[in-house]
Structures are given as structure tokens and as C-alpha cells.
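Notes follow once the structure below has been shown.
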Amino acid sequence: MPKFTTWDGLELEYRVWEGDGRTVVLQHGVVADTNANWMSMGVVAALQAAGHRVVSLDARGHGRSEKPHDAARYSWDAMARDVRALYDELGLEDVAQVGYSMGGVISLLVAAADERVAKLAVGGIGSGVIDCGGVDRRVVEPEAILLAMNGDGAGAPRVARMFRVLAGAVRADLAAIRAVVEGLDDRPITGLDDITVPALVLAGSEDPFAAEPERLAAALPEGRSVVVPGDHMLAVMHADFKAALVDFVR
């Protein structure tokens, strides 16, 4: 799998599945990676079957990308710049940018700043973008996720332990994940008016992180929302999620 050197010298890994349709760029959620968020859930296969060229980036600190343990190497802006640097690396134009959870916030920032984004789809986020400026901290505070990444995580709240289980499944670098959480602890989204492309908000019906997706969709000039069965971890696996995404980016 290829790697490239991003804007501040980190080596990041990505994957490309060739196709004749529009290029779809995928950005995964916190702790996850390309395999956990997109391949194993059948999203890549669904997009391939529809003829699209699919590109997926392992974010800094995740997957097979470089994983510094310094929180100063992580910020929302840095991760959005990484996605745009990948556009440059591959010479991408007319992109459908897709993100889930952390990757959804990153994708919003990319779409606001980069004219190469022709369509935007985000999942696993909702009104927290409006009320909290990004990931919904009303569901879990960053400190709880940090606690879950220490020791065996037993003292953390249940919703935070969910991310620790995922970290174990993907063999995440826990020190890097702690640095990510510390570095991303701010309010990256201050407005959505700059995102003028067609946008889709996908939300699991049982996902607390994606509460009130219609409010997020309404705040996007050309946004609409679709609710599918599932919680934060499983909604992306549901056939309705993949069908809505494929229909949107077509």
C-alpha cells in the first residue's frame, strides 16, 4: 500500500481502488482505520461495484500511517490539510469527500476550504457540529476517552470504553490515540455557509453522536439527511447506509 509525505513531513498511508466513475475519498473515524471503517463494513466494495474510483487515507496516528506521540502534531486543521495534500499527491479533481465521525468533521473542513470537493457525505455526526463545534461532547468528553486509553480502560464510562474495544480490535497505538484526542480538543467548526456543494448527512437511528442529523443538514446550504438503522459502530455496516451513499455520489 502506497505512502506519501504530507505537508509537515509525516508519512501517511493510503489505498486506491481504480474505477471509471467519480473519485470518492474516504476518511475514517477516531481509533479506526481504512480496513475497520470502510473495507470490513463493505463500503469500499459497494462503491467499487457502482464503478467509482475509491481512495482511503489512514489519518495521522492511525492505521499504518505514522503515529507521533506528541499532541502538538495533531489538530483538526492538520488532518484536513492531510486530506488536501493527498488530493495534490494524486492530482485529484471533482472529488466526492466522505467522512465518518472524526472523519466527518475533517471532511466538513476540507469541503469548506477546497474547491475540488464536488460532493460531501458525512456520517456519525449530527447537531453536535452546530452546538459543540465538532464531535458531540454532550455524549462523551475527551477526558473520558483518554481514561479509556489508559491501562485496561475499566474506569471509563461505557461509551468511552466502546472506543477502547475498537482500539484493541485494530491494535491501535494507545499513546498515539491519546495524543490525537488531546490535540483535537477544540471547536473546529464555526460555520457551515462556505460548504455550498450538495451534502448528505448519514446517521444511525441509535447513534448518540449523530443526534438530530436534520439540524446539521439544514445548516448546510445544499444538505439533506438520511437515517439508517444502527448505532455509532454499526450504522456504517447497514445496507441502507451503503445504498444511500452510492446513490448520492453517483
Side-chain angles (χ1 to χ4, degrees), residues 2 4 12 14-29 32-39 41-59 76 79-126 129 189 192-204 210 213 216-217 219-228 235-250:
F4 78 107
L12 306 182
Y14 64 95
R15 293 197 64 170
V16 179
W17 294 264
E18 294 296 344
D20 296 327
R22 171 178 276 126
T23 298
V24 182
V25 176
L26 306 174
Q27 184 62 79
H28 60 76
D33 56 20
T34 290
N35 180 60
N37 210 148
W38 305 120
M39 294 174 64
M41 298 295 182
V43 174
V44 170
L47 290 166
Q48 276 192 290
H52 293 290
R53 185 188 190 204
V54 183
V55 178
S56 184
L57 175 65
D58 276 358
W76 292 107
M79 288 188 165
R81 289 178 69 181
D82 289 342
V83 175
R84 300 177 69 193
L86 182 59
Y87 289 5
D88 295 338
E89 176 74 13
L90 298 179
L92 300 182
E93 302 286 346
D94 190 40
V95 170
Q97 178 63 43
V98 179
Y100 196 81
S101 191
M102 176 190 78
V105 177
I106 293 168
S107 295
L108 288 169
L109 294 171
V110 172
D114 203 307
E115 294 182 351
R116 291 172 289 187
V117 177
K119 287 190 172 185
L120 170 70
V122 296
I125 54 176
V129 172
I189 306 294
L192 299 168
D193 290 345
D194 290 337
I195 302 175
T196 58
V197 297
L200 175 66
V201 179
L202 285 161
L216 175 56
L220 293 161
E222 289 194 50
R224 64 183 179 89
S225 62
V226 173
V227 177
V228 305
V236 68
M237 182 187 294
H238 199 278
D240 291 351
F241 183 103
K242 288 171 278 194
L245 178 61
V246 167
D247 181 65
F248 175 71
V249 301
R250 180 176 293 121

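Considering every non-hydrogen atom in both Val117 and Val110, the closest pair reads CG2-CG1, 3.9 Å. The shortest non-hydrogen separation linking Ile106 to Gln27 is CD1-CG, 4.1 Å. The minimum heavy-atom distance linking Ala244 with Leu202 is given by the pair CB-CD2, 3.7 Å. Closest of all the heavy-atom pairs between Ala36 and Met41 is O-CG, 3.5 Å. Contact detail for Phe241 and Ala235: the closest heavy-atom pair is CB-O, 3.3 Å. Across all non-hydrogen atoms, the minimal contact from Phe4 to Asp82 is CZ-O, 3.9 Å.
Atom CG of Asp94 has more than 12 neighbouring heavy atoms from other residues, nucleotides or ligands inside a 6.0 Å radius. Within 6.0 Å of atom CD in Glu18, more than 12 heavy atoms from other residues, nucleotides or ligands are found, so the atom counts as buried in its surroundings.
The backbone N or O of Asp240 sits less than 3.5 Å from a side-chain atom of His238, completing a donor-acceptor pair. Between the side chain of His28 and the backbone N or O of Ala59 there is at least one donor-acceptor pair closer than 3.5 Å. The main-chain N or O of Met237 is found under 3.5 Å from a side-chain atom of Lys242 such that the two form a donor-acceptor pair. In terms of modelled atom types and a separation under 3.5 Å, the side chain of Asp58 and the main chain of Asp33 share no donor-acceptor contact.
With a 4.5 Å cut-off on side-chain heavy atoms, Pro213 and Val227 count as touching.
For Ser107 and Gln97, the side-chain atoms include at least one donor-acceptor pair closer than 3.5 Å.
The one candidate from Val25, Leu92, Asp88 that meets the side chain to side chain contact (heavy atoms under 4.5 Å, CB included) condition with Arg116 is Asp88.
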List the steps and the verdict of side-chain contact (heavy atoms from CB on, under 4.5 Å) for Leu192 and Leu216. CA-CA 9 Å; Leu192 299 168; Leu216 175 56; 3.6 Å; yes
